Amino acid sequence: MPRFLDGWLSDVVKNSLNRARVNKPRERPIYLLSKFIKSSVNKNAIIAEYKKKSPSGLNENRNLVEYVKFMEESGAIGISVLTEEKYFGGSYNDLETVTKIVKLPVLMKDFIVTEKQIDTAFNLGADVILLIVKILTERELVNLYEYAKSLGLEAIVEITDENDLKIALRHNFNIIGVNARNLISLEVDIQKVKKLLELIPKNIIKIAESGIKSREEIIELKKAGADAFLIGTTLMKDPNKIKELI
Ligand SMILES: O=C(O)c1ccccc1NCC(=O)[C@H](O)[C@H](O)COP(=O)(O)O
């Protein structure tokens, strides 16, 4: 069983535990996010996220195919697709649509607590999964990471505070995501992200997640050590903003 959680997160995790596996043969090679981030030398490595709604108040029902193609053409190095249904309005269909049309790493953005969910990510063509330290026990985190790796998928291990970081650094995880958003209060704190980024060793790929609105913030986060940037709300509200952020 995952960690004991309060409020909406406990509901999300309960729903995730009950989600059925989608069984379909994978039709796509694996695009390694780590490779795309490392080879992004002359531009900011942006992972553009598609999410229709969010607990923090987003509500944008954009055309998925147009959005994703535009992000690929504009130079995003990856696409993130929300698949959580109740709080983010996502779906496995959205993920499948995206993996059929882009030649970029695709992140299945969800609250992963079971191997079934990772099988589904693999079968639907995703290349990367997200493992959130806050919602898993340490043993579950390691087991799910190893399981994803055994399928050839990469995992972003997401931390939100120093305690999460302590846990993450006890293992050989190669990609750490630092989320500016507190998962309970939903407050965004970019300064906190900068502090945490500075504590992560150089050899680990670091992704700054959430709340990014401007090029200035990206430059600050880069100075603190971020290698890539996961951006949802800002791009869903105004897709053209990618041209300024990249
Ligand atoms: O997006 C939310 O409101 C949210 C609330 C609570 C937990 C997670 C949440 N979002 C998941 C994410 O990590 C973000 O979608 C992602 O980092 C992009 O963030 P943003 O650019 O702020 O949309």
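Quick note: residue numbers are just sequence positions, from 1. Note that the structure is predicted; figures quoted are calculated from it, not measured. As the structure lists them, so they are numbered: ligands from 1, and atoms in each ligand from 1.
- Shortest contact from atom 1 (O) of ligand 1 to any protein heavy atom: K51 NZ, 2.6 Å.
- Between T83 and D110, the side chains place a donor N or O and an acceptor N or O closer than 3.5 Å (distance only, hydrogens not considered).
- Distance from atom 4 (C) of ligand 1 to its nearest protein heavy atom, with residue and atom name: R181 CD, 3.6 Å.
- Proximity of K86 to V12: side-chain heavy atoms (C-beta onward) are nowhere separated by under 4.5 Å.
- Each of the atoms 2 (C), 3 (O), 5 (C) of ligand 1 lies under 4.0 Å from some heavy atom of P55.
- Within the listing of ligand 1, atoms 18 (C), 20 (P), 21 (O), 23 (O) sit less than 4.0 angstrom from a heavy atom of G232.
- For N179, every heavy-atom contact with ligand 1 shorter than 4.0 Å involves the side chain, none the backbone.
- Using a 4.0 Å cut-off between a side-chain N of Lys or Arg and a carboxylate O of Asp or Glu, R181 and D189 do not qualify as a salt bridge.
- In this structure, M236 falls outside the shell of residues with a heavy atom less than 4.0 angstrom from ligand 1.
- Ion pairing between K109 and E84 fails under the 4.0 Å rule for side-chain N and carboxylate O.
- The two atoms that bring L183 and K134 nearest to each other are CD1-CB, 4.2 Å, heavy atoms only.
- Heavy-atom proximity to W8, at under 4.0 Å, picks out these atoms of ligand 1: 6 (C), 7 (C).
- For the residue pair E140 and T137, the shortest heavy atom distance occurs at OE1-N, 2.8 Å.
- Shown in contact with F88 at under 4.0 Å from a heavy atom are these atoms of ligand 1, numbered in order with element: 1 (O), 2 (C), 4 (C), 8 (C), 9 (C), 10 (N).
- Residue L82 has no N or O atom closer than 3.5 Å to an N or O atom of ligand 1.
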When the side chains of residues 43-51 are checked against the rest of the protein, which donor-acceptor pairs come out under 3.5 Å, sequence neighbours left out?
unit_1: K43; atom_1: NZ; unit_2: G75; atom_2: O; d: 2.9
unit_1: N44; atom_1: OD1; unit_2: K222; atom_2: NZ; d: 2.7
unit_1: N44; atom_1: ND2; unit_2: L245; atom_2: O; d: 2.9
unit_1: E49; atom_1: OE1; unit_2: S80; atom_2: OG; d: 2.7
unit_1: Y50; atom_1: OH; unit_2: R62; atom_2: O; d: 2.5

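- Below 3.5 Å of separation, one finds an N or O of E49 facing an N or O of ligand 1.
- Evaluated by nearest non-hydrogen atom to atom 13 (O) of ligand 1, the leading choice among K109, K134, E209 is K109.
- Remark: the S34 side chain and the E154 side chain contain an N/O donor-acceptor pair separated by less than 3.5 Å.
- Using a 4.0 Å cut-off to heavy atoms of S56, the atoms of ligand 1 that qualify are 1 (O), 2 (C), 3 (O).
- The two residues L107 and L95 come nearest to each other via the heavy atoms O-CD1, 4.5 Å.
- Atoms of ligand 1 lying under 4.0 Å from any heavy atom of T233, numbered from 1 in the order shown and given with element: 20 (P), 21 (O), 22 (O), 23 (O).
- Classification of the W8-F88 ring pair by plane angle, with boundaries at 30° and 60°, yields tilted.
- Considering backbone and side-chain N/O atoms, L183 never comes within less than 3.5 Å of an N/O atom of ligand 1.
- By the 4.0 Å heavy-atom criterion, I231 is counted among the residues contacting ligand 1.
- In this structure, atom 17 (O) of ligand 1 lies nearest to the protein heavy atom S210 OG, 2.7 Å.
- Remark: distances from the non-hydrogen atoms of F229 to ligand 1 are all 4.0 Å or more.
- Contact annotation for L186 and ligand 1: only side-chain heavy atoms (C-beta onward) come within less than 4.0 Å of the ligand.
- Near G211, meaning under 4.0 Å from one of its heavy atoms, ligand 1 places the atoms 20 (P), 21 (O), 22 (O).
- In this structure, Y87 falls outside the shell of residues with a heavy atom less than 4.0 angstrom from ligand 1.
- Linking Ile, Leu, Val, Met, Phe, Trp and Tyr residues whenever their side-chain heavy atoms come within less than 4.5 Å leaves L221 and I219 in two separate clusters.
- When only modelled atom types and interatomic distance are considered, Y87 and D11 share a side-chain donor-acceptor pair under 3.5 Å.
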